[in-house]
Amino acid sequence: EMIRGKVYLDMILDELGRMDARGKTLEINVPSGAVSSVIGQHKVNKTLILEKSAAKYVKILEKNDLKEYNISIRIN
């Protein structure tokens with residue numbers, strides 16, 4: 001579970017490196033069953049995503065049409 005979470009975290013941070021989310025809301029869509037891995041134990045991954053992106057808020061949502069280890073990110 002922790003390795004899976006690290007893989008998702010690396011993918012998300014890589015994507016966010018090409019975006020400007022400062023002060024905005026991130027909507028991160030992940031495959032079914034991956035929300036817990038993405039959030040991380042004790043919300044560590046979610047906290048890192050917020051810190052690295054400088055976003056105001058992050059929502060992590062399940063999308064049934066995404067395959068394992070695929071993500072999509074929207075900035076609002």
Side-chain angles (χ1 to χ4, degrees):
E1 181 84 10
M2 289 176 69
I3 292 171
R4 186 176 180 218
K6 176 73 169 121
V7 171
Y8 276 111
L9 178 63
D10 290 345
M11 290 170 51
I12 291 165
L13 293 179
D14 184 57
E15 280 287 315
L16 289 174
R18 296 185 287 269
M19 301 174 159
D20 182 9
R22 289 177 293 198
K24 299 181 179 159
T25 297
L26 290 174
E27 182 180 296
I28 302 172
N29 298 301
V30 299
S32 293
V35 170
S36 178
S37 295
V38 173
I39 291 172
Q41 191 171 12
H42 304 292
K43 298 184 183 179
V44 170
N45 291 350
K46 186 175 180 180
T47 301
L48 279 171
I49 292 166
L50 281 167
E51 287 174 3
K52 300 268 185 186
S53 68
K56 185 170 86 175
Y57 187 73
V58 62
K59 293 191 272 186
I60 301 170
L61 307 169
E62 277 187 340
K63 291 289 182 183
N64 293 331
D65 58 336
L66 289 174
K67 302 272 189 237
E68 188 72 15
Y69 297 109
N70 285 289
I71 60 167
S72 67
I73 299 175
R74 244 180 45 186
I75 298 174
N76 297 320

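For reference, positions follow the sequence shown, starting with 1. Everything quoted here is computed from the prediction, not taken from an experiment.
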Side-chain donor/acceptor of N70 to backbone N/O of P31, under 3.5 Å: no

Rounded distance (nearest 0.5 Å) linking atom CD1 of I73 with atom CD1 of I60: 10.0 Å

Can you tell me if R22 has over 12 outside heavy atoms packed within less than 6.0 Å of its CZ? no

On a heavy-atom basis, which atom in R18 and which in D14 lie closest, and how many Å separate them? NH1-OD2, 3.4 Å

Using every non-hydrogen atom in the two residues, find where L26 and I49 come nearest and quote the distance to one decimal. CD1-CG2, 3.9 Å

When you check the side-chain N and O atoms of T25 and N76, is any donor under 3.5 Å from an acceptor? no

Is there a path of hydrophobic side-chain contacts, each under 4.5 Å between heavy atoms of I, L, V, M, F, W or Y residues, that connects L50 with Y8? yes

Tell me whether L13 is reachable from I71 by hopping between hydrophobic residues (I, L, V, M, F, W, Y) whose side-chain heavy atoms are closer than 4.5 Å. yes

State plainly whether one hydrophobic cluster holds both V58 and V35, where clusters connect Ile, Leu, Val, Met, Phe, Trp and Tyr through side-chain heavy atoms under 4.5 angstrom apart. yes

CE (M19) and CZ (R74) are apart, to the nearest 0.5 Å, by 11.0 Å

Testing the basics here: between A21 and I75, what is the closest heavy-atom pair and its distance to 0.1 Å? CB-CD1, 4.0 Å

In sequence, state the C-alpha distance, the side-chain angles, and the governing distance for K52 and L16, and then conclude on side-chain contact (heavy atoms from CB on, under 4.5 Å). CA-CA 8 Å; K52 300 268 185 186; L16 289 174; over 6 Å; no

Residue pair N45 / V38: nearest heavy atoms and the distance that separates them: CB-O, 2.9 Å

Where Y69 and M11 come nearest, the two heavy atoms and their spacing: O-CE, 2.8 Å

Rounded to the nearest 0.5 Å, the CG atom of D65 sits from the OG atom of S32 at a distance of 8.5 Å

To the nearest 0.5 Å, what is the distance between NZ (K24) and OG (S53)? 11.5 Å

Distance in Å, E51 CD paired with K46 NZ, rounded so as to fall on 0.5 Å steps: 13.0 Å

Measure the CD1-CD1 distance between I28 and I12 for me, rounded to the nearest 0.5 Å. 4.5 Å

Could you check E27 against K63 for salt bridge (Lys or Arg N to Asp or Glu O under 4.0 Å), going step by step and ending with a plain yes or no? CA-CA 11 Å; E27 182 180 296; K63 291 289 182 183; 5.2 Å; no

Are V7 and V44 connected, step by step, through hydrophobic side chains (Ile, Leu, Val, Met, Phe, Trp, Tyr) whose heavy atoms are closer than 4.5 Å? yes

